[in-house]
Amino acid sequence: MPKITHPVDLAWTNDVEAYVETFGNRGRNEIIRYLEEHGPVPRGDIVDAVSAGEASVAQHLIALEKTGAIIVDIVQGRRHGRSPRYSVDYDRITVLLEAHQDYLHHRQQPQPQEAKEDRH
């Protein structure tokens with residue numbers, strides 16, 4: 001079986017990767033849509049509202065938190081005995097959408113060296 005390769009593509013930025021991680025799954029999209037209308041809410045409310053079980057929702061929330069698409073009101077290591085509330089980070093969603101559009105339309109983001117040169 002052939003291996004999946006990841007060719008070097010400077011246009012494929014961390015934000016483009018985060019876009020795919022965030023929006024490349026129907027369950028995550030459903031969670032974002034729910035949070036956009038009802039957030040901030042605890043995980044139990046999300047489980048009750050979307051078409052995924054508790055374990056799946058928990059994994060989706062971890063992935064969405066990792067990409068920055070959602071905000072959690074309690075820091076990861078301090079959640080024991082507390083019920084965190086989740087909401088959408090609209091600014092981060094905008095960044096991810098724009099990064100993906102830039103990638104699809106072949107719009108180059110300035111590389112770190114180019115950005116420094118532009119400022120001088």
Side-chain angles (χ1 to χ4, degrees):
M1 179 180 293
K3 286 185 167 183
I4 296 175
T5 61
H6 297 281
V8 175
D9 183 353
L10 295 178
W12 189 269
T13 64
N14 290 337
D15 284 342
V16 175
E17 185 72 31
Y19 170 89
V20 172
E21 181 74 16
T22 299
F23 299 107
N25 178 285
R26 185 174 182 170
R28 292 181 191 151
N29 282 275
E30 193 174 342
I31 289 169
I32 290 169
R33 285 174 48 100
Y34 176 77
L35 290 176
E36 191 277 326
E37 188 171 341
H38 301 284
V41 296
R43 182 172 68 196
D45 289 5
I46 299 166
V47 171
D48 291 342
V50 301
S51 58
E54 189 168 345
S56 290
V57 168
Q59 291 302 311
H60 290 316
L61 291 172
I62 289 169
L64 291 169
E65 186 178 357
K66 180 180 157 196
T67 66
I70 63 171
I71 300 168
V72 187
D73 66 352
I74 300 174
V75 178
Q76 184 86 24
R78 300 180 182 208
R79 295 184 188 173
H80 184 70
R82 300 180 187 171
S83 182
R85 297 170 61 83
Y86 300 86
S87 58
V88 173
D89 184 336
Y90 296 101
D91 291 337
R92 180 65 176 151
I93 294 288
T94 298
V95 167
L96 296 177
L97 292 170
E98 288 174 354
H100 192 243
Q101 282 194 333
D102 288 347
Y103 175 76
L104 291 177
H105 297 295
H106 301 278
R107 293 189 290 249
Q108 294 293 329
Q109 296 295 320
Q111 298 303 314
Q113 184 61 35
E114 292 172 11
K116 286 180 186 177
E117 290 171 4
D118 288 344
R119 287 188 226 150
H120 295 294

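The figures that follow rest on heavy atoms only: side chains count, while hydrogens, waters and symmetry mates do not.
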Mind checking whether [X] and [Y] have side chains closer than 4.5 Å, heavy atoms only?
X	Y	value
Val88	Arg33	no
Thr67	Phe23	no
Asn29	Arg26	no
Leu97	Ile93	yes

Contacts of type side chain to side chain donor-acceptor pair (under 3.5 Å), residue [X], not counting sequence neighbours:
X	value
Asp45	none
Arg43	none
Tyr34	none

Under 3.5 Å: donor-acceptor pair, side chain of Arg85, backbone of Asp73: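 Not a single qualifying donor-acceptor pair exists.
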
At their closest point, which heavy atom of [X] faces which heavy atom of [Y], and how far apart are they?
X	Y	value
Leu96	Ala18	CD2-CB, 3.6 Å
Trp12	Glu17	NE1-OE1, 2.5 Å
Ala69	Thr22	CB-CG2, 3.7 Å

Enter the distance from [X]:[atom1] to [Y]:[atom2] here, rounded to the nearest 0.5 Å.
X	Y	atom1	atom2	value
Ile70	Ile31	CD1	CD1	7.5 Å
Tyr86	Leu35	OH	CG	9.5 Å
Ser87	Ile32	OG	CD1	12.0 Å

Among Glu30, Glu65, Arg28, find the residue that satisfies the side chain to side chain donor-acceptor pair (under 3.5 Å) test when tested with His60.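 By the side chain to side chain donor-acceptor pair (under 3.5 Å) criterion, His60 pairs with just one of Glu30, Glu65, Arg28: Arg28.
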
In terms of relative ring orientation, are Tyr19 and His100 parallel, tilted or perpendicular, with 30° and 60° separating the classes?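 Judged by the thresholds at 30° and 60°, the geometry between Tyr19 and His100 is parallel.
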
Could you walk me through whether Glu54 and Ile46 pass the side-chain contact (heavy atoms from CB on, under 4.5 Å) check? CA-CA 9 Å; Glu54 189 168 345; Ile46 299 166; over 6 Å; no

Common cluster, Val95/Tyr103, ILVMFWY with side-chain heavy-atom separation under 4.5 Å: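 Result: no, two separate clusters.
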
